[in-house]
Amino acid sequence: MRYWLLKSEPDVFAYSDLERAGTEPWNGVRNYQARNLLREMAVGDLCLFYHSNAAPPGLAGVARVTGAAVPDDLQFDPASPYYDPRSDPAAPRWSMVQVAPVAALPRLVSLTELRGLPAWQDSPLTRKGSRLSVFEVTPEQFAGALAAAELDLPDARPAD
DNA sequence: GCCAACGTTGGC
DNA sequence: GCCAACGTTGGC
């Protein structure tokens with residue numbers, strides 16, 4: 001199993017919105033590096049749900065990948081802000097995965113706090129200037145974030 | 001292929 | 001609201 005981090009602006013779509021929705025297509029990603037990572041995700045992978053552009057920014061919850069990458073339908077919708085007229089329907093440019101909530105963190109783990117965790121010293125999140133909205137996190141980073149929030153997630157641990 | 005201009009991201 | 005950093009666009 002692999003671990004990932006997904007950024008979302010809570011004013012637009014917060015972790016609580018994911019809980020309300022039950023399942024959600026992770027669409028609208030329009031960055032090639034992030035898209036390539038979406039395509040690497042497998043059903044069952046776990047994601048840290050990060051609130052960006054928030055006060056304070058930080059990790060709010062854990063989500064699970066429930067559907068592997070498929071073409072992002074919004075790229076073909078002229079009414080969508082994510083419409084991409086240059087995407088060829090025969091070879092769609094943009095992908096999305098499906099995610100579902102697993103657990104809200106008992107408390108938000110702020111970016112400031114993450115910067116203080118040893119496992120998080122090297123990450124796109126703590127690297128200055130990085131704007132990547134989807135990236136892989138190490139098992140140590142994942143476990144460290146959950147420990148900081150005092151969330152025990154039995155099914156997040158690798159099977160013995 | 002270069003690179004300046006532009007729009008966006010996201011912390012503060 | 002500010003602004004640094006980044007990715008993309010488009011002229012040449």
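The structure presented is a predicted model; accordingly, all values stated were derived computationally and were not measured.
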- [ ] Assess whether ring pair (Phe, Tyr, Trp, His ring centres under 6.0 Å) is satisfied between A:W94 and A:Y32, documenting all intermediate values.
- [x] CA-CA 8 Å; A:W94 305 113; A:Y32 286 104; 4.7 Å; yes

Task: Candidate pair A:L111 and A:Y50, rule side-chain contact (heavy atoms from CB on, under 4.5 Å), full reasoning - done: CA-CA 9 Å; A:L111 177 59; A:Y50 179 80; 3.7 Å; yes

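Between A:W26 and A:F13, the ring planes are perpendicular. Angles over 60° get that label, and only those under 30° would be called parallel.
Applying a 4.0 Å cut-off to non-hydrogen atoms, the residues of residues 52-60 of chain A that approach DNA chain B are A:S52, A:N53, A:P57, listed by residue number.
Evaluation of the salt bridge (charged side-chain N to carboxylate O under 4.0 Å, His left out) test over residues 18-28 of chain A, restricted to residues two or more places apart or in two chains, returns A:D17-A:R20.
For the pair A:L111 CG and B:dG10 C1', the interatomic distance rounds to 10 Å; values are reported in whole Å. If you take CD of A:E113 and C1' of B:dG11, they are 17 Å apart, rounded to a whole angstrom. Rounded to whole angstrom, the span from the OH atom of A:Y50 across to the C1' atom of B:dT9 amounts to 11 Å. If you take NZ of A:K7 and C1' of B:dT9, they are 8 Å apart, rounded to a whole angstrom.
Checked options A:V99, A:L146, A:V65, A:V62; the residue passing with A:L46 is A:V62 (criterion: side-chain contact (heavy atoms from CB on, under 4.5 Å)).
Considering only heavy atoms from C-beta on, A:N53 stays 4.5 Å or farther from A:K7 through its side chain.
A:D84 has no carboxylate O lying under 4.0 Å from a charged side-chain N of A:R30, or vice versa, which leaves the two without a salt bridge.
Of all heavy-atom pairs between A:P92 and A:F76, the closest is CB-CZ, 3.9 Å.
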Detail all sub-3.5 Å separations between protein N/O atoms and N/O atoms belonging to nucleotides 5-8 of chain C.
unit_1 : atom_1 : unit_2 : atom_2 : d
C:dA5  : OP1    : A:K128 : NZ     : 2.9
C:dA5  : N3     : A:R131 : NH1    : 3.3
C:dC6  : O2     : A:R131 : NH1    : 2.2
C:dC6  : O2     : A:R131 : NH2    : 3.0

